[in-house]
A.B. asks: 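Next up is a structure, given as structure tokens.
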Amino acid sequence: MRGLRDGTTGTHAGMPATTTTRAATGTATALARANVALVKYWGKRDEERNLPAVGSISLTLDGLEAVATVTVAERPNERPRFRQNGAAVTGLAGERMASFLDRLAGARDANVPCADVEANFPVGAGLASSAAIFCAVTTAALSALGRRVDLETLSALARQGSGSAARSVFGGLVEWRRGSAADGSDSTAHQLLPESAWDLALLVAITSEGMKGTASRDAMRHVANTSPLYAGWLAAQEDDLAGMRRAIAARDLGEVGRIAEENCLRMHATSFAARPPVFFWSPATLAAMDEVRRVRADGVGAFFTIDAGPQVKVLCARDDAGAVAARLAAVPGVLRVLRSGPGAGVEMAQGEPPWS
Ligand code: PMV
């Protein structure tokens, strides 16, 4: 497999223009990893184009992988457009994937891309599975369609499937810019620090294996429309982004962790204040957060963040990962603890990479 160790992509060439440089290969397979936001994306400035109301910064996660095979077949076909871990995905999620694939293929293409995805971690449980899935599908689809794009354009295209997928194109610590262009051409991700640059660990305390109650996209729309705290969230984000960039450049774990916890709590506060309120936490979520504070009181640098689900993600130094994981595993209600750390960007498993 060819990894993207280097996030340097050159000048952004506009979006979503792609060029065809060779005949479609018919099938291609790509592997992408989930990511966890340390400064969160929460709210959109354009629903149609899936443009974020705020910038965000994330860590791409080693070992939490989605592998997507996209096959371009002639119409009509019997194949389901989207299969996940061997089962056809129907309903809204299936339709969403089909229209995303059609958009990537473009109207001029009579062939229909179909996606087969295998994820090695719980899907739809607040573990950024959509980031890994849409990043892998976008990459495999472009390759199967014979398209060439630069990495920032790949990120802009993946973003249209799921916002956070824009960040999984790159490894390590990644920023996705809000951008201000109406067409979204400047809302792309880039790498802040390669995955090899900092010995971090990211532990995921799983408190529920089930699907989350509210999809991120529905929750953020509801919160933006009804929460009186949403304006405060928007107002505070630039400071968090600037502070996080500085802390990452300085490899200052305490500062990265402080900003990540505050940003996470502010995001969840907007949800508690929505009408009706949205709660992603369970009692075990709170217990795990408490344990992280106790670990810190014992002198170990560990910091939590939580997305649109009940799992608690904990950032610490790689050397402390074993001890922190054992503390989290002992928390009542924590079912298991996944161990991860900085992971690489999207890779091809089969077929030509679509990036030049
Ligand atoms: O990419 P989406 O539409 O699943 O939204 C992700 C939202 C959060 O996970 C809560 C925050 C983030 O930046 O990943």
Side-chain angles (χ1 to χ4, degrees), residues 35-47 50-59 126 128 131 159 162-164 166-167 173-181 184 186-190 192-193 200 202 214 216-281 285-286 289-290 292-293 296 301-315:
N35 67 74
V36 62
L38 303 175
V39 176
K40 311 261 182 222
Y41 150 51
W42 194 240
K44 300 185 202 286
R45 68 179 168 92
D46 183 330
E47 282 265 350
N50 213 21
L51 293 172
V54 291
S56 56
I57 294 177
S58 61
L59 178 69
R159 182 204 79 222
S162 168
S164 50
R167 299 184 306 234
L173 287 146
V174 177
E175 175 163 11
W176 171 24
R177 299 181 201 87
R178 174 191 188 276
S180 52
D186 55 355
S187 186
T188 59
H190 61 280
L192 294 176
L193 206 63
L200 293 171
L202 193 286
T214 321
S216 313
R217 65 174 54 209
D218 299 331
M220 64 176 82
R221 183 190 307 115
H222 171 68
V223 165
N225 289 339
T226 68
S227 175
L229 300 191
Y230 184 68
W233 158 257
L234 295 178
Q237 189 78 345
E238 281 305 319
D239 273 359
D240 279 0
L241 287 167
M244 186 59 84
R245 281 185 215 112
R246 276 195 301 272
I248 287 171
R251 318 274 206 282
D252 182 341
L253 178 61
E255 190 63 359
V256 165
R258 178 190 68 77
I259 296 169
E261 284 196 355
E262 287 179 10
N263 186 267
C264 155
L265 292 172
R266 202 178 304 117
M267 173 199 126
H268 285 272
T270 66
S271 308
F272 299 151
R275 297 189 189 114
V278 182
F279 293 97
F280 294 108
W281 301 353
T285 310
L286 278 164
M289 289 159 74
D290 259 357
V292 170
R293 290 195 198 92
R296 211 151 61 222
F303 305 87
F304 64 77
T305 187
I306 303 153
D307 292 297
Q311 331 299 357
V312 179
K313 292 128 190 193
V314 180
L315 187 71

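The first residue in the sequence is number 1, and the count goes up from there.
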A.B. asks: Is any side-chain heavy atom of M289 less than 4.5 Å from a side-chain heavy atom of I306?
C.D. replies: yes

A.B. asks: Quick one: list whatever passes ring pair (Phe, Tyr, Trp, His ring centres under 6.0 Å) with F272, sequence neighbours left out.
C.D. replies: F279, W281

A.B. asks: Can you check side-chain contact (heavy atoms from CB on, under 4.5 Å) on I57 and I248, steps first, answer last?
C.D. replies: CA-CA 10 Å; I57 294 177; I248 287 171; 3.7 Å; yes

A.B. asks: Quick check: does any side chain N or O of N225 sit under 3.5 Å from a backbone N or O of R221, one acting as donor and the other as acceptor?
C.D. replies: yes

A.B. asks: Can you confirm whether V54 sits close enough to V39 that some side-chain heavy atom of one is under 4.5 Å from a side-chain heavy atom of the other?
C.D. replies: no

A.B. asks: Assess the residue pair E261 and R296 against the criterion (side-chain contact (heavy atoms from CB on, under 4.5 Å)); give the C-alpha distance rounded to whole Å, side-chain angles, the decisive distance to 0.1 Å, and a yes or no.
C.D. replies: CA-CA 13 Å; E261 284 196 355; R296 211 151 61 222; 2.7 Å; yes

A.B. asks: Taking all non-hydrogen atoms of both residues into account, name the closest pair between A302 and V314 and its distance.
C.D. replies: CB-CG1, 4.0 Å

A.B. asks: So, does R177 use its side chain to make a donor-acceptor pair with the main chain of A189 at under 3.5 Å?
C.D. replies: no

A.B. asks: Let me see the working for R217 and K44 under side-chain contact (heavy atoms from CB on, under 4.5 Å), right down to the final yes or no.
C.D. replies: CA-CA 9 Å; R217 65 174 54 209; K44 300 185 202 286; 4.2 Å; yes

A.B. asks: Checking R178 against S187: is there a side-chain donor and acceptor pair closer than 3.5 Å?
C.D. replies: no

A.B. asks: Contact between L241 and E238 at the side-chain level, heavy atoms closer than 4.5 Å - yes or no?
C.D. replies: yes

A.B. asks: Do F280 and S271 come within less than 4.5 Å of each other through their side chains, counting heavy atoms only?
C.D. replies: yes

A.B. asks: Is there a donor-acceptor pair under 3.5 Å between the side chain of S227 and the backbone N or O of A224?
C.D. replies: no

A.B. asks: Not counting sequence neighbours, list each pair that qualifies as a salt bridge (Lys or Arg N to Asp or Glu O under 4.0 Å) and has a residue in residues 222-235.
C.D. replies: none

A.B. asks: Atom NE2 in H268, atom OG1 in T285: separation rounded to 0.5 Å?
C.D. replies: 9.0 Å

A.B. asks: Tell me the salt bridge (Lys or Arg N to Asp or Glu O under 4.0 Å) pairs involving residues 263-272, sequence neighbours left out?
C.D. replies: D240-R266

A.B. asks: Identify the heavy atoms of L51 and G184 that sit nearest to each other, and give their distance.
C.D. replies: CD2-CA, 3.4 Å

A.B. asks: Compute whether any side-chain donor of one residue and acceptor of the other, for S56 and R167, lie under 3.5 angstrom apart.
C.D. replies: yes

A.B. asks: Quick check: closest heavy atoms across L234 and A53, and the distance to 0.1 Å?
C.D. replies: CD2-CB, 3.9 Å

A.B. asks: Between N35 (side chain only) and L59 (backbone N and O only), is there a donor and an acceptor less than 3.5 Å apart?
C.D. replies: no

A.B. asks: With D239, which residues qualify under salt bridge (charged side-chain N to carboxylate O under 4.0 Å, His left out), at least two apart?
C.D. replies: none

A.B. asks: Is a donor from one side chain sitting under 3.5 angstrom from an acceptor on the other, for S58 and W176?
C.D. replies: no

A.B. asks: For H222, check ring pair (Phe, Tyr, Trp, His ring centres under 6.0 Å) against everything at least two apart and list the hits.
C.D. replies: none

A.B. asks: From L265 CG over to T305 OG1, what is the distance, rounded to the nearest 0.5 angstrom?
C.D. replies: 8.5 Å

A.B. asks: Kindly indicate whether the side chain of M244, heavy atoms from C-beta on, has any atom under 4.5 Å from the side chain of V256.
C.D. replies: yes

A.B. asks: Might you point out which heavy atoms bring G163 and Y41 nearest each other, and give the distance in Å?
C.D. replies: CA-CE2, 3.8 Å

A.B. asks: To the nearest 0.5 angstrom, please state how far the CE atom of M267 sits from the CH2 atom of W233.
C.D. replies: 7.0 Å

A.B. asks: Any chance you could lay out the side-chain contact (heavy atoms from CB on, under 4.5 Å) test for V36 and L315, step after step, and finish with the verdict?
C.D. replies: CA-CA 10 Å; V36 62; L315 187 71; over 6 Å; no

A.B. asks: I need the minimum non-hydrogen distance between R275 and P228, along with the two atoms involved.
C.D. replies: NH2-CG, 3.9 Å

A.B. asks: Where is the tightest heavy-atom contact between A219 and W42, given as atom of each residue plus distance?
C.D. replies: CB-CH2, 3.8 Å

A.B. asks: Passes salt bridge (Lys or Arg N to Asp or Glu O under 4.0 Å), K40 versus D307? Steps please.
C.D. replies: CA-CA 8 Å; K40 311 261 182 222; D307 292 297; 2.7 Å; yes

A.B. asks: Could you list all the salt bridge (Lys or Arg N to Asp or Glu O under 4.0 Å) pairs where at least one residue sits in residues 248-258, not counting sequence neighbours?
C.D. replies: E255-R258, R258-E262

A.B. asks: Are F303 and R293 close enough that some pair of their side-chain heavy atoms sits under 4.5 Å apart?
C.D. replies: no

